Amino acid sequence: MLPPFTPRFITLTLFTIVCGICLLMIVSGYQYPIALCGLVISGTFVLLGTHDLLQKRHAILRNYPIAAHLRFMLEAVRPEMRQYFFEDEKLGMPFARDKRAIVYQRAKLQLDKRPFGTSYDVYADGFEWLNHSMAPQEVSSNPLRIDVGDQNGARLYSASLFNISAMSFGALSPNAIRALNKGAQIGGFAHDTGEGGFSRYHREGKGDVIWEIGSGYFGARNADGTFCSERFAQTASDEQIKMVELKLSQGAKPGHGGVLPAAKISHEISITRNVPMGEDCVSPARHSAFSTPVEMMSFLARMRELSGGKPTGFKLCVGHDWEFLAICKAMLNTGIYPDFIVVDGKEGGTGAAPLEFVDHIGKPMREGLSFVHNALVGIGARGRIRLGASGKIVSAFDMARAIALGADWCNSARGFMFALGCIQSQSCHTDRCPTGVATQDPTRQRALVVSDKAMRVANFHHSTLQSLAELTAAAGLEHPSRFSLDHISRRISPLEVVTYADLYPNVKESELLGGTESPRFRKAWLQANPHSFRPN
């Protein structure tokens, strides 16, 4: 079924009109040679545009028939504006090695090898590398997975080391959600719902789901916006949901909250989020279900009980050090521990956020992850809590680096969006996404063909973990969990190199319990109050 006319199809429409005029001219015998030439040219473009509408591999061609070929022509000679990662900009990484391009290649099962060595300036400040071994191991063919929930009485879930990070239905289109979840089902990994709720589009794919509950309690709320135990328990009992996650904050806009305008709330979004039509959907900046770290631990225990014992944890972007240490003290005081914690970096993505929040609020992922890992070691709880990490993680090296800093597994949002076909047009907040990924416009989202993009999602996951297995073997290790701070080096000046062990020193097991002398923790530990998020 072809979509209705929109201005995006103006090129195809004009060529169709010209083709019709030329055909009438030929039939009438008027200016036959000119009309025949025009018919051939316009007819060729009409056939091309029709093919663009019907083909299933390129979403942008389905949304912009004929016109979108200009993008591919420009891309072929590589003048396209490049979207980099912060460290890549500084180190001069060319478009041919852009991480987005590598994701596309892996998602499409294309060759991702490059000749002539690295294009990085390896002597530039900030360049990082993995130290390999002179006695590399055989590349393991074993699945790269981690058990979650086995230390605190919850049900055991075997999670992949690489999963889809939180992206909500409403922010993403129904077809994007369908493709992500079906890809997760094909590849045997997990799909985080984001705070927008567990929708029917997640259910269609039958892939493993991590249900995220934010401050709006969408899908588990009363009419006044407070948490509803009955609705939560009913949804959490679904066997497709493997873990439940309490969202405290997200990397791109911690402490901000958000509003989905009434005009954007469709009937399906209303049902999924349990919010009324015709009113703004408000996601508050803070939770109403608890107000202190101790109360938060009790709420986590309640979520675990209501879900039938499924692994339960929380996600945050770390802000004040004393606040997370207050949560650690609350764990010790109550004896309640989360099964997992996901550390989101401030460099994480979002559909829309104020510029100041995007650029200057929250800890970057590496600093936050290292702090959380060491805090849990310092209270003797690291062995019973799994750590996930998210924040511009796209490649196997990104994963190795995060694991060395303390992560047990990694989540990626933008990597899987690239696999869906995202071109970073930065129009997520306009509802005019050119590839159908981040839009609720039915004429735009039809461009994203679920069966094709689901395979690309699964391919990207498989290829990235295969690359991680190869990096692990090259480092002389049997499993990625063996990566340590000594495996990652960083140039801090043209003549000075340090390892992550120098940059991120570890505390000793249970060191905080005896009164630490670490300058990184000493003051914050004294400020931490388990009965308040305010410092002592």
Side-chain angles (χ1 to χ4, degrees), residues 1-13 49-72 75 80 83 100 103-104 107-108 164-184 186 191 193-194 196 199-202 204-205 207 260 263-269 272 349-352 412-460:
M1 178 179 176
L2 295 179
F5 172 79
T6 74
R8 303 194 308 278
F9 304 145
I10 189 65
T11 308
L12 175 58
T13 302
T50 303
H51 173 268
D52 290 344
L53 284 174
L54 297 177
Q55 59 83 37
K56 297 181 178 180
R57 287 188 58 80
H58 298 291
I60 195 168
L61 288 178
R62 287 166 64 85
N63 267 337
Y64 296 88
I66 303 176
H69 284 280
L70 180 62
R71 175 184 182 271
F72 293 103
E75 190 178 67
E80 181 183 60
Q83 299 291 338
R100 188 179 70 204
V103 173
Y104 289 166
K108 298 176 184 179
I164 301 171
S165 194
M167 294 180 282
S168 300
F169 165 57
L172 298 191
S173 69
N175 278 3
I177 296 294
R178 286 182 174 116
L180 287 171
N181 196 262
K182 185 61 179 176
I186 295 169
H191 178 194
T193 65
S199 72
R200 71 182 181 93
Y201 304 111
H202 294 93
E204 288 180 19
L260 186 65
K264 290 189 175 182
I265 300 177
S266 66
H267 179 66
E268 290 177 307
I269 291 175
T272 301
T350 182
S412 176
R414 75 188 63 214
F416 285 103
M417 287 184 70
F418 294 163
L420 288 176
C422 170
I423 60 173
Q424 285 186 299
S425 69
Q426 299 185 348
S427 56
C428 311
H429 59 301
T430 68
D431 206 37
R432 292 162 59 185
C433 172
T435 57
V437 175
T439 178
Q440 299 304 306
D441 184 337
T443 68
R444 288 178 177 272
Q445 62 183 264
R446 67 161 289 280
L448 195 157
V449 179
V450 174
S451 57
D452 178 62
K453 297 305 188 286
M455 284 305 306
R456 293 188 184 186
V457 167
N459 291 341
F460 170 59

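If you're wondering where the values come from, they're calculated on a predicted model, not measured in any experiment. Position 1 is the first residue of the sequence, and the numbers go up from there.
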Using side-chain hydrogen bond (donor to acceptor under 3.5 Å, both in side chains) as the criterion, list what pairs up with [X], not counting sequence neighbours.
X	result
Lys453	none
Asn181	His191, Gln240
Ser168	none
Asn459	none

*Who pairs with Arg200 by salt bridge (Lys or Arg N to Asp or Glu O under 4.0 Å), at least two apart in sequence or on another chain?*
Glu204, Glu268

*Got a sec, which residues hit ring pair (Phe, Tyr, Trp, His ring centres under 6.0 Å) with Phe460, two or more places apart in sequence or on another chain?*
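Ring pair (Phe, Tyr, Trp, His ring centres under 6.0 Å) list for Phe460, sorted by chain: Phe162, Phe416.
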
*Met455 and Ile186: CA distance, side-chain angles, deciding distance, side-chain contact (heavy atoms from CB on, under 4.5 Å) verdict*: CA-CA 8 Å; Met455 284 305 306; Ile186 295 169; 3.6 Å; yes

Minimum-distance pair of heavy atoms, taken over all atoms of [X] and [Y]:
X	Y	answer
Gly170	Ile269	CA-CD1, 3.9 Å
Gln445	Thr439	NE2-O, 3.8 Å
Ala458	Gly183	CB-O, 3.7 Å
Arg444	Arg432	NH1-O, 3.2 Å
Leu12	Gly49	CD1-CA, 3.9 Å
Pro174	Gln440	CD-OE1, 3.7 Å

*Could you name each residue pair satisfying salt bridge (charged side-chain N to carboxylate O under 4.0 Å, His left out) that touches residues 165-176, not counting sequence neighbours?*
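Checked against salt bridge (charged side-chain N to carboxylate O under 4.0 Å, His left out) - neighbours excluded - no pair reaches residues 165-176.
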
Residues two or more places apart in sequence or in another chain: which of them pass side-chain contact (heavy atoms from CB on, under 4.5 Å) with [X]?
X	answer
Thr435	Ala59, Ile60, Ile423, Cys433, Val437
Thr272	Phe169, Ser199
Val450	Asn175, Arg178, Ala179

Return the [atom1] to [atom2] distance between [X] and [Y], rounded to the nearest 0.5 Å.
X	Y	atom1	atom2	answer
Ile177	Met167	CD1	CE	7.0 Å
Leu61	Leu54	CG	CG	12.0 Å
Ser165	Leu180	OG	CG	11.0 Å
Asp52	Thr11	CG	OG1	10.5 Å

*Does Arg62 reach the main-chain N or O of Ala447 with its side chain, forming a donor-acceptor pair under 3.5 Å?*
yes

